[in-house]
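All remarks here apply to the structure that follows.
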Protein chains: 2
Amino acid sequence: MTPWLDPAQQRSWRALVEGAGQLLARVDRHLRDAHGLTLAEYEILVRLSEGHLHMSELADQVSHSRARVTQTVDRLVRADLVRRSPCPEDRRGVHAALTDRGRAVLDTAARDHVLEVRRLVIDVLDPDELTALGSAMAKIRDATQD
Amino acid sequence: MTPWLDPAQQRSWRALVEGAGQLLARVDRHLRDAHGLTLAEYEILVRLSEGHLHMSELADQVSHSRARVTQTVDRLVRADLVRRSPCPEDRRGVHAALTDRGRAVLDTAARDHVLEVRRLVIDVLDPDELTALGSAMAKIRDATQD
DNA sequence: ACGAGGTAGTTAAACCGTTAACCATCTCGG
DNA sequence: CCGAGATGGTTAACGGTTTAACTACCTCGT
């Protein structure tokens, strides 16, 4: 029976939604404009940079639907950044791995992406604010996992 | 020439992107499933709950493109939640205002939405964590405004 | 060893958002 | 007072995401 947030909670919540939305939008736009990559595509490339993965491992790691991963990888394959190959020991499975071009594009995109992250996040907070933010967001992320 | 983030910054940044993404996704899904509203539609309704607004004021307040607002409002008008009317003193302008049904739907959606926000955010943080999160996200939001 | 049910992945359609082009109206300097 | 440019708003085409249905393959109990 106490439905509403108090004013301070309101302000925090609004800052959170608006900040989260705009941050993701800016990062996505920067990757598109500067490197022709969606944030979703970029995240897939990052996961693949540690080695080849099954489609569904990929889907779990980035928490996207399998359908979405299929189509994101389709685009990456068309762009010659990722290679698909059938998995030997499970004939349903499909490996995805970076191509050389994929690794090269990711390397330059990643360097630039980090600069943007600094600009938008790291540089506007002092270090303990950043850690506090990180631990709060980790709790929220985990609370949305179930 | 120090391109990378240190491990702690990395963790904070990953918690931030992942948490932000999943939080927005969950809130959007909850509104859709429980009330047939997109988060974008919901935010428009919230702005209109204080009184009628011009399309472009609406666009500024929710920071969406005018085109997007036009189409979001289209859907809301089709659903009979919002009413459009030509603005008397500027014949280019268009007022948007809640219908009675719009106000009713917003009222019940808002109550329920707040419960979800508590579940996902307020209840998983202690109060000073929440204020710290809020002020950090406010800085990030403002840093993405330019 | 076989069939039921689970898992891996893809496909097609509908939906939402972005982009760019567009028309109508307003504003303001010359 | 008039025409250039700015502003308000819509439209259409396109791109990415979700959803649901579908195929192929694997697993495990019987």
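A note on names: the letters A, B, ... follow the listed sequences, proteins ahead of strands, and every chain is numbered from 1. Not measured: the values here are computed from a predicted model.
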Margin query: Taking donor-acceptor contacts at under 3.5 Å, does the side chain of R68(A) reach the base of dT18(D)?
Written below: no
Checklist line | Close residues, residues 13-34 of chain A, relative to DNA chain C [heavy-atom separation under 4.0 Å] | finding: R29(A)
Checklist line | Check: V17(A) and L24(B) side chains under 4.5 Å, non-hydrogen atoms | finding: yes
Checklist line | Separation of dC16(C) P from I44(B) CD1 (nearest whole Å) | finding: 14 Å
Item checked: Distance (rounded to the nearest 0.5 Å) between L81(B) CG and I44(B) CD1 -> 12.0 Å
Note to self: How many whole angstroms separate atom CG of D74(B) from atom C1' of dC16(C)?
What the structure shows: 13 Å
Checklist line | Among dT17(D), dA20(C), dG9(C), the one nearest A67(B) by side-chain distance | finding: dA20(C)
Margin query: Give me the atom names and distance for the closest heavy-atom approach of T131(B) to S12(A).
Written below: CA-OG, 4.0 Å
Margin query: What's the separation between atom CE in M55(A) and atom SG in C87(A), rounded to the nearest 0.5 Å?
Written below: 11.5 Å
Check: Is there a residue in residues 77-91 of chain A whose heavy atoms reach under 4.0 Å of DNA chain D, and which residues are they?
Finding: D90(A), R91(A)
Notebook entry, point to check: What is the distance from atom CG of D112(A) to atom NE2 of H30(A), rounded to the nearest 0.5 Å?
Noted result: 4.0 Å
Item checked: Candidate nucleotides dG16(D), dT19(D), dA24(D), ranked by approach to the side chain of T38(A) - the nearest -> dG16(D)
Notebook entry, point to check: dG8(D) phosphate, OP1 or OP2: any side-chain N/O from R66(B) under 4.0 angstrom?
Noted result: yes
Notebook entry, point to check: With side chains defined as the heavy atoms from C-beta onward, is the minimum distance between R66(B) and S56(B) less than 4.5 Å?
Noted result: yes
Notebook entry, point to check: Closest heavy-atom contact between R68(B) and A40(B)?
Noted result: NH2-CB, 3.6 Å
Next item on the list: Measure from CZ on R75(B) to C1' on dC15(C) and round the result to the nearest Å.
Entry: 8 Å
Next item on the list: Using heavy atoms and a sub-4.0 Å distance, could you list which residues of residues 55-65 of chain A are near DNA chain C? By number, please.
Entry: M55(A), S56(A)
Note to self: Between D74(B) and V77(B), is there a side-chain heavy-atom distance shorter than 4.5 Å?
What the structure shows: no
Check: Any side-chain heavy atom of T99(A) within less than 4.5 Å of one from V82(A)?
Finding: no
Notebook entry, point to check: Between Q22(A), R26(A), E18(A), which is the residue that forms a side-chain hydrogen bond (donor to acceptor under 3.5 Å, both in side chains) with Q145(B)?
Noted result: Q22(A)
Checklist line | Residue whose closest nucleotide on DNA chain C lies nearer the 5' end, H54(A) versus Q71(A) | finding: H54(A)
Item checked: Residues R103(B), D107(B): salt bridge by 4.0 Å N-O rule -> no
Notebook entry, point to check: So which nucleotide from dG17(C), dG9(C), dA20(D) ends up closest to the side chain of T70(A)?
Noted result: dG9(C)
